[in-house]
Amino acid sequence: MDFADYLRKNFNAVASDSTIPFSTELEHTRAYLAVEQAQLDDMLVVDWDTPFTCFRIPPLTLQPIVENAIKHGRDPNADPLRISIRTRHTDSGTEIIVEDNGTGFDPSDEIRPRITLKNIQQRLEMMCGGSLELTSREARGTRVTIRIPLKNAE
């Protein structure tokens, strides 16, 4: 059921050219993670702290970031991958923080294209005036911070 829900929301999101409620993107991400956790069992731990959900973002913003964390951060020979998803209210808007304890990477390594993150960053800027910041440390994990200005509050 989670997989069918995930696919349906993916198709709807691809067709959208406007922002959506963050709560909708959160549901989509939870459906995606339910599928992943069924496959990875205890090798994936997700911590949620998302008290602020009354704002709008471009569709397919959070879910692909979480997917990247799993795809690029998971080491099958290491401890479970832990992903933290948080939202917090600031004076200028809302922040979404996705952080993992995965393999990380050297930020100066420009050989690995980060096409997905660049696309998300461009859509954030164009559709809601938002921004994306990426920080990573090799073998220590990655953190993605998205900032959404107040004008996108619901």
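Owing to the predicted nature of the structure, the values given are computational and were not obtained by experimental measurement. Every heavy atom of this structure was used, including side-chain atoms; hydrogens, water molecules and symmetry mates were not.
- Counting heavy atoms from C-beta on, the side chains of Glu99 and Ile85 never come closer than 4.5 Å.
- Ile65 contributes atom CD1, which lies 4.0 Å from atom CD1 of Ile120 (distance to the nearest 0.5 angstrom).
- In this structure, the side chain of Arg123 does not engage the main chain of Ile57 through any donor-acceptor pair within 3.5 Å.
- The backbone N or O of Ile20 sits nowhere less than 3.5 Å from a side-chain atom of Thr24 that would complete a donor-acceptor pair.
- Side-chain atoms of Val45 and Ile83, non-hydrogen and from C-beta on, never get closer than 4.5 Å to each other.
- Within the 4.5 Å cutoff, the side chain of Val66 has no heavy atoms near those of the Asp100 side chain.
- Going from atom CZ of Arg137 over to atom CZ of Arg143 covers 10.5 Å, rounded to the nearest 0.5 Å.
- With contacts defined as side-chain heavy-atom distances shorter than 4.5 Å, the pair Cys128/Ile148 qualifies.
- Residues Thr145 and Leu132 have side chains not in contact (no heavy-atom distance under 4.5 Å, counting atoms from C-beta outward).
- With a 4.5 Å cut-off on side-chain heavy atoms, Glu138 and Thr103 do not count as touching.
- Taking CG of Leu150 as the reference point, atom NE2 of His89 lies at 5.5 Å (rounded to 0.5 Å).
- Looking at heavy atoms from C-beta onward, Arg30 lies in side-chain contact with Trp48 at the 4.5 angstrom threshold.
- Taken from CD in Gln39 to CG in Asp41, the straight-line distance is 11.0 Å, to the nearest 0.5 Å.
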Ser84/Arg82 under side-chain hydrogen bond (donor to acceptor under 3.5 Å, both in side chains): CA gap, chis, key distance, verdict: CA-CA 7 Å; Ser84 168; Arg82 180 173 295 276; over 6 Å; no
Can Arg147 and Glu133 be said to form a salt bridge (charged side-chain N to carboxylate O under 4.0 Å, His left out), step by step? CA-CA 8 Å; Arg147 290 180 181 86; Glu133 179 185 328; 3.1 Å; yes
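- Distance OG1/Thr50 to CD1/Ile96: 10.0 Å, rounded to 0.5 Å.
- No donor-acceptor pair closer than 3.5 Å links the side chain of Thr53 to the backbone N or O of Ser23.
- Two residues are said to be in side-chain contact when any heavy atoms from C-beta on lie closer than 4.5 Å; Phe55 and Thr19 fail this criterion.
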